[in-house]
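Here is the structure we will look at.
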Amino acid sequence: MEEGELPWLLVDEIGGIRGILHSHVPFLKKHFHLITMKEFLENRKDIGKKVQAIYLWWHKPVINKELLQSLPSLKVIANSGVGMDHLDLKLVASFGVKMANAPRAVSSSTADTGMALLLASARRLVEVHNISISPSMKYCEADILGVKVAGATLGIVGMGSIGYKIALRAKAFEMNILYHNRTQRKVQEEQAVGATYCKKIDSLLQQADFVMLVVSLTPQTHKLIGKRELELMKPTATLINISRGAVVDQEALLAALQTGVIRAAALDVTSPEPLPRDHSLLKLKNIIITPHLGIKTDKATYMITEEAVENILAALNGLPLPSEVLPS
Ligand SMILES: O=C(O)[C@H](O)CO
């Protein structure tokens, strides 16, 4: 890098369906010389030598050995979210490249998504919206009875920062709260949100009216919710997934929704994303599917970019990264 030159930052694309947002570009350009994958691929050799950082936006660009080999000056990869399941952490670390995620920025907006899905499913908002706008609108009250949220039990699976913010919100909605997590939260933290720890997930599944999945995708959580777990749930219960599609066995979920093993599901994540247009889950009435809305609010996405920049600059200056992720 020549003196006075800004460090080179590689992004997948700017704008488009999954490119970094145009509104973030001036901020990024204050700190970096911005390069897109298209520009890099047109001049791999010269640009490859200069790129010191990658900003992953919606899991893109795909990081593989070939890309890492063509970026000899790469020092850091910053992710625009908290989940790192799309990255081979060991591979990246073997190139001496540091990695960071953006936990601070995501938790409130993702927790809002979870609560929005819970409320929408409980009160059948999508279904009644469709009834209300249909030209032949006709309903009777019995058709649109929802589930009362106050007094219902919410089971949160994964009590990290997002899970905890969901508990805070659920408390305000007068819900009873159970949670399952690898480790139990401190008593004061549990008391602050009125949450009760379930060491065994089975006990949470048996008691909850709403089960909200907030775990990271790991080999241990892959298909965590399958046929057996769905059958443990109450027939009146709703499954909400805001983690990763692969945490649920989708075939088992489809069968459970079709046969009334559980009442309904609300999914912000599926496997794959999006589902093929002819997928049977899309044909059900007792499901709500959103397109991985998670963090997507104006403020949270901007904060994520700020958090990424903070991490990248720390790595380039040889300082500790505020949200470094190490391979486990
Ligand atoms: O992991 C996250 O923070 C979001 O799901 C975006 O990938």
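Every value quoted in this text rests on a predicted model; they were computed, and no experiment measured them. For ligands, and for the atoms within them, numbers begin at 1 and follow the listed sequence. Hydrogens, waters and symmetry mates play no part in the numbers below; they use all other heavy atoms, side chains included.
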Taking atom types as modelled and ignoring hydrogens, do the side chains of [X] and [Y] form a donor-acceptor contact shorter than 3.5 angstrom?
X	Y	result
Thr290	Asp268	yes
Thr236	Arg263	no
Gln207	Ser203	yes

Find all protein N or O atoms under 3.5 angstrom from an N or O atom of ligand 1 and list the pairs with distances, or write 'none'.
unit_1   : atom_1 : unit_2 : atom_2 : d
ligand 1 : 1 (O)  : Val82  : N      : 3.3
ligand 1 : 1 (O)  : Gly83  : N      : 2.8
ligand 1 : 1 (O)  : Arg244 : NH2    : 2.9
ligand 1 : 3 (O)  : Val82  : N      : 2.6
ligand 1 : 5 (O)  : Arg244 : NH1    : 2.9
ligand 1 : 5 (O)  : His292 : NE2    : 2.6
ligand 1 : 7 (O)  : His59  : NE2    : 3.0
ligand 1 : 7 (O)  : Arg244 : NH2    : 3.3

* Contacts of Arg228 that satisfy salt bridge (charged side-chain N to carboxylate O under 4.0 Å, His left out) - sequence neighbours left out ->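 Once residues adjacent in sequence are excluded, the partners of Arg228 under the salt bridge (charged side-chain N to carboxylate O under 4.0 Å, His left out) criterion are Asp202.
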* **Set of salt bridge (charged side-chain N to carboxylate O under 4.0 Å, His left out) partners for Asp112, sequence neighbours left out** =>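 Here the qualifying residues are Arg169.
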* Asked: According to the side-chain hydrogen bond (donor to acceptor under 3.5 Å, both in side chains) rule, which pairs have a member within residues 78-89, sequence neighbours left out?
  -> Asn79-His86, Asp85-Arg244
